[in-house]
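All of these numbers come straight from a predicted model, not from anything done at the bench.
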Amino acid sequence: MVRPFYPGGDYERFDYSGGAVVVDNPPFSILSKICTFYRTEQIPFFLFAPYLTIFSSTSRNGAHMIVTDSTIEYANGAQVNTSFVTSFGDDLIRTAPDLANAIDETVKRVRKEQRRHPPKYAYPRELLTVSRLGKIGRQVEFRVKASDVAFTRALDSQKAVKKAIYGGGYLLSEAKAAELKAAELKAAELKAAELKAAEDVTVWPLSETERRIIENLAQESRG
């Protein structure tokens, strides 16, 4: 079994000699093209596929579809409803209860283990991700010029362990990174102020009797 889909990889030039079978999670955006390539080259495959659009993305190239609707959380944190396409079998479309249930059990076990030891990731402040902008976009206007950034799909430290930035990111100049950090701090302050203003607080006032009691307590304490 081989996995030709990794950052920087080229599945069309991958070495499939020796009876290789492809078992991998390919880019869903070109899934139809990938299936056509493997069927043309007679390379057996079993691939992850998008659940809701599996018919439209694979039905015209003869790939066999296994519909499981399995919610899988990938290494980048994205949770995607997933099914599968394969060169094996005779049916165009089928369900696979054993496979679907096995995946569910595996997902439950992995999530239980992750709750005990949840992975934590932190990116350097010089990396701009869409989620960073999403967190400040309602409070602060932030603009980036093309000259301030350089696009990257993965940091070199991630490539070494076959990780990537979900959705890609931009390396920022030092000046722009400092500007973004300041924008994040400002957004946090504005959010806190908005939450405080939105609180529905009932203020219970003191009665005149209670105020007299307090005044008497003060006099007694002085005496």
Side-chain angles (χ1 to χ4, degrees), residues 1-18 20-31 33-34 37-38 45-50 70-82 84 103 106-189 191:
M1 292 188 292
V2 296
R3 299 187 61 190
F5 298 99
Y6 54 88
D10 186 343
Y11 75 94
E12 293 180 313
R13 291 181 174 82
F14 191 86
D15 182 10
Y16 296 105
S17 60
V21 177
V22 181
V23 181
D24 208 346
N25 174 41
F28 290 169
S29 59
I30 57 171
L31 182 59
K33 177 184 176 182
I34 292 168
F37 172 78
Y38 284 143
F45 61 90
F46 188 94
L47 301 173
F48 289 48
S70 302
T71 302
I72 295 177
E73 181 172 345
Y74 293 86
N76 57 21
Q79 291 190 3
V80 181
N81 287 359
T82 303
F84 302 91
I103 292 172
T106 301
V107 168
K108 289 178 183 177
R109 175 177 54 79
V110 170
R111 286 178 178 171
K112 185 176 181 180
E113 293 173 355
Q114 288 177 338
R115 281 195 293 271
R116 288 198 294 265
H117 305 285
K120 295 182 179 180
Y121 304 113
Y123 287 115
R125 76 171 195 165
E126 294 86 1
L127 180 71
L128 173 65
T129 60
V130 69
S131 61
R132 288 184 74 180
L133 293 181
K135 292 176 181 177
I136 68 173
R138 287 182 173 82
Q139 289 78 29
V140 178
E141 183 178 71
F142 187 78
R143 298 170 182 260
V144 178
K145 295 185 182 299
S147 58
D148 294 324
V149 295
F151 181 76
T152 181
R153 295 191 182 280
L155 300 176
D156 288 344
S157 56
Q158 291 180 298
K159 295 176 184 177
V161 291
K162 296 184 179 180
K163 301 289 185 180
I165 304 163
Y166 183 63
Y170 285 92
L171 295 174
L172 295 169
S173 65
E174 288 290 340
K176 207 63 182 179
E179 186 182 335
L180 176 56
K181 185 62 179 178
E184 289 174 327
L185 293 174
K186 182 179 179 181
E189 292 175 358
K191 284 181 182 178

(request) Return the minimal non-hydrogen interatomic distance between Q158 and A164, and the atom names on each side. (result) NE2-O, 3.4 Å
(request) Using modelled atom types only, decide if a donor and an acceptor are shared between the side chain of D15 and the backbone of S17 within a distance under 3.5 Å. (result) yes
(request) Take V22 and F14 through the test side-chain contact (heavy atoms from CB on, under 4.5 Å) and record every step on the way to the result. (result) CA-CA 11 Å; V22 181; F14 191 86; over 6 Å; no
(request) Check whether NZ of the Lys or CZ of the Arg K176 lies under 6.0 Å from the centre of the six-membered ring of F142 and within 45 degrees of that ring's axis. (result) yes
(request) Show the numbers, then the answer: is there a side-chain contact (heavy atoms from CB on, under 4.5 Å) between L127 and L171? (result) CA-CA 5 Å; L127 180 71; L171 295 174; 4.1 Å; yes
(message) With rounding to the nearest 0.5 angstrom, report the CD1 to CZ distance, I165 to F151.
(response) 8.0 Å
(message) Ignoring hydrogens, what is the shortest heavy-atom contact between V140 and A183? Give both atom names and the distance.
(response) CG2-O, 3.7 Å
(message) How close do P50 and L31 get, counting heavy atoms only, and between which atoms?
(response) CD-CD2, 3.7 Å
(request) For the pair R125 (side chain) and L172 (backbone), establish whether a donor and an acceptor sit closer than 3.5 Å, ignoring hydrogens and angles. (result) no
(message) Please report the interatomic distance OH(Y6) to CG(N25), rounded to the nearest 0.5 Å.
(response) 15.5 Å
(request) Check whether any side-chain heavy atom of V80 lies under 4.5 Å from a side-chain heavy atom of F48, and answer yes or no. (result) no
(request) Quick one: sort the Y16 and F37 rings into parallel, tilted or perpendicular, breaks at 30° and 60°. (result) tilted
(message) How long is the straight-line distance from CG of D148 back to CD of E174, given to the nearest 0.5 Å?
(response) 12.5 Å
(message) Can you tell me how far apart OG (S70) and CZ (F84) are? Round to the nearest 0.5 Å.
(response) 5.5 Å
(message) Let me confirm one number: the OG1-CD distance from T82 to E73, rounded to the nearest 0.5 Å.
(response) 11.5 Å
(message) Main chain of P27, side chain of S29: is a donor-acceptor contact present, judged purely on distance under 3.5 Å?
(response) no
(request) Could you walk me through whether L155 and Y123 pass the side-chain contact (heavy atoms from CB on, under 4.5 Å) test, one step at a time? (result) CA-CA 9 Å; L155 300 176; Y123 287 115; 4.0 Å; yes
(request) Quick one: closest heavy-atom pair of K163 and P7, and the distance? (result) O-CG, 4.2 Å
(request) Using a strict cut-off of less than 4.0 Å between a Lys/Arg side-chain nitrogen and an Asp/Glu carboxylate oxygen, indicate whether K135 and E184 qualify as a salt bridge. (result) no
(message) Just by distance, no angles: are the side chains of Y38 and Y11 close enough, under 3.5 Å, to form a donor-acceptor pair?
(response) no
(request) Check the surroundings of atom NZ in K191: do more than 12 heavy atoms from other residues, nucleotides or ligands lie under 6.0 Å from it? (result) yes
(message) Surrounding CZ of R111 (heavy atoms of other residues, nucleotides or ligands, distance under 6.0 Å), is the total greater than 12?
(response) yes
(message) Give me the atom names and distance for the closest heavy-atom approach of R3 to V23.
(response) CG-O, 3.3 Å
(request) Go through the steps to decide whether V107 and T71 satisfy the test side-chain contact (heavy atoms from CB on, under 4.5 Å), and finish with yes or no. (result) CA-CA 8 Å; V107 168; T71 302; over 6 Å; no
